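Heads up, the thing below is written out as structure tokens.
What you see is a predicted model; the values in this text were computed from it and never measured.
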Amino acid sequence: GEPGSVFKAATLALLLEEGKVKLDDRMPATVEWVYGKTKFTDHYLDKYSDISIRRGLEISSNNVFRIQAAKHYGSNPDHFLNQLTGKLHITRDFPFELNGFAGANLKSTKSKSWNMVDLPQIAMGYTVEITPLHTLNYYNAIAGGGVMVRPHLVRNYQKNGVIVKE
């Protein structure tokens, strides 16, 4: 399914790693933004005239991430998509202890259904098909300082060979 707002962290990580933004960079708080022929409305921005990238993440603003993706990757959406899959491994499939683990899919610009508005939608987690386990795997890498460790199911937690919690 679509991860939605939790995907904004991946977009932000890429923007930061590539030096395209800094957390304290400010931008207009655009409540209604038109891209192509599509109007996007973000009422989280109603009470702001301008906003930092950091605050945009804190309030989970869709337009902050839509606009940044369009600004920095609109002329080359393949770069954005390739970095999400190749560098950040957001769609990396991995073995899991339960059968039926669904694979991940990030829309391609080569798809017949690709539309220019897909880029800003992907930036905030729409038109992306990843499972909650893919999201957990990515957030594990953030928590682990960039080291990606796949999630596991556990029966219990042990300390020095003694079960602490079942």
Nearest atoms (heavy-atom pairs only) where [X] meets [Y]:
X: His134; Y: Gly103; result: CE1-C, 4.0 Å
X: Ser108; Y: Leu81; result: CA-CD1, 4.4 Å
X: Ala70; Y: Leu119; result: CA-CD2, 4.1 Å
X: Ala9; Y: Tyr139; result: CB-OH, 3.3 Å
X: Ala141; Y: Met148; result: CB-CA, 3.8 Å

Determine whether [X] and [Y] make a side-chain contact, defined as any pair of heavy atoms from C-beta on separated by less than 4.5 Å.
X: Ser61; Y: Tyr48; value: no
X: Leu84; Y: Val128; value: no
X: Thr41; Y: Val31; value: yes
X: Tyr44; Y: Val64; value: no
X: Leu57; Y: Ile53; value: no
X: Val21; Y: Met27; value: no

Indicate if [X] and [Y] have the same hydrophobic cluster label, given that clusters are the connected sets of ILVMFWY residues with side-chain heavy-atom separations under 4.5 angstrom.
X: Tyr138; Y: Val149; answer: no
X: Leu88; Y: Leu133; answer: no
X: Ile130; Y: Leu136; answer: no

Between [X] and [Y] (side chain of the first, backbone of the second, donor and acceptor by atom type, cut-off under 3.5 Å), is there such a pair?
X: Asn105; Y: Glu129; result: no
X: Glu166; Y: Asn156; result: no
X: His89; Y: Gly86; result: yes
X: Tyr73; Y: Ala123; result: no
X: Lys8; Y: Ser60; result: yes
X: Asn115; Y: Val117; result: yes

Donor-acceptor pair between [X] and [Y] side chains, under 3.5 angstrom:
X: Asn82; Y: Lys87; answer: no
X: Asn63; Y: Thr30; answer: no
X: Glu18; Y: Gln83; answer: yes

Heavy-atom neighbours of Tyr126 OH exceed 12 at 6.0 Å: no

Separation between OH of Tyr157 and NZ of Lys165, rounded to the nearest 0.5 Å: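 Answer rounded to 0.5 Å: 11.5 Å.
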
Matching residue for Asp118 among Arg66, Lys107, Lys110 - test: salt bridge (Lys or Arg N to Asp or Glu O under 4.0 Å): Lys107

